[in-house]
Amino acid sequence: SQQGEEDPQALSIQEGENATMNCSYKTSINNLQWYRQNSGRGLVHLILIRSNEREKHSGRLRVTLDTSKKSSSLLITASRAADTASYFCATDDSGGGADGLTFGKGTHLIIQP
Amino acid sequence: GAGVSQTPSNKVTEKGKYVELRCDPISGHTALYWYRQSLGQGPEFLIYFQGTGAADDSGLPNDRFFAVRPEGSVSTLKIQRTERGDSAVYLCASSSTGGYTGELFFGEGSRLTVL
């Protein structure tokens, strides 16, 4: 089963613009992670935000977490062509449910030069 | 090695055949995970090992799927009597922290095609 649900499914923007992707989930969590996947490659960890954190930055990435709404957003500022990839949020289930770290279906981001 | 290594990178087999997929995790990582990813979907959890034991195998779809990690390092995912619906990319990940609360390091995946 997939707990996370990213929105939008696809996003195309011009290089230099900011890209925002959203993630909604269903259960209580310990933390939420964002991963990136280039076409035909494995996933690469971007950032982890804990359930008691509201915002976190890493370079051009900004992640927010709203546990009351069970949602998170990933903002990529000053986008580059190399940011073209699929982005996934992943959550655990703090209630001890099974299914491991569960991923959403992803947002496919295209940065047009 | 420097990262998670998966072999083969591509495997084409016929319906009904037996397949083994291998994962070599990052040295020292005690936690190892198998995921399956279909086209246009996110990774779907299959099984999690802590050391040599399967701590959570709730994601294995049926008894045709089995995974082992006999020495707590390399893991093999085994699929018996393959079906066309098993076609997917099988991803392996490892972690130093274990559980589901830390960063996972993924391999490039093994693409399985069942004809």
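These numbers come from the heavy atoms of this one structure, side chains and all, not from hydrogens, waters or symmetry mates. We name chains A, B, ... by the order of the sequence lines, and we start the count at 1 in each one.
Residue A:Tyr35 is tested with A:Phe88, A:Phe103, A:Tyr87 for a ring pair (Phe, Tyr, Trp, His ring centres under 6.0 Å); the sole match is A:Phe103.
Both the backbone and the side chain of A:Leu43 come within contact range of chain B, each with at least one heavy atom under 4.5 Å from a heavy atom of that chain. Contact of A:Gln37 with chain B is made through the side chain alone, with heavy-atom distances under 4.5 Å. In this structure, the portion of B:Gln37 lying under 4.5 Å from any heavy atom of chain A is its side chain and not its backbone.
More than 12 non-hydrogen atoms from other residues, nucleotides or ligands lie less than 6.0 angstrom from CD of A:Glu17. By the 6.0 Å contact criterion, CZ on A:Arg50 is open, its count of non-hydrogen atoms from other residues, nucleotides or ligands being 12 or less. Atom CD of A:Gln14 has more than 12 heavy atoms from other residues, nucleotides or ligands within 6.0 Å. For A:Lys70, the NZ atom is densely surrounded, since the number of other residues' heavy atoms within 6.0 Å is greater than 12.
Between A:His45 and B:Phe105, the distance from one ring center to the other does not fall under 6.0 angstrom.
Inspection of the A:Gln112 and A:Ser12 side chains reveals an N or O donor paired with an N or O acceptor under 3.5 Å.
Ionic pairing of A:Arg62 and A:Glu55 is present here: one or more N-O contacts between side-chain nitrogen and carboxylate oxygen are shorter than 4.0 angstrom.
Scanning residues 62-70 of chain B against chain A with a 4.5 Å heavy-atom cutoff picks out nothing at all.
Of the listed residues B:Leu91, B:Leu46, B:Leu104, the one with more heavy-atom pairs under 4.5 angstrom with chain A than any other is B:Leu104.
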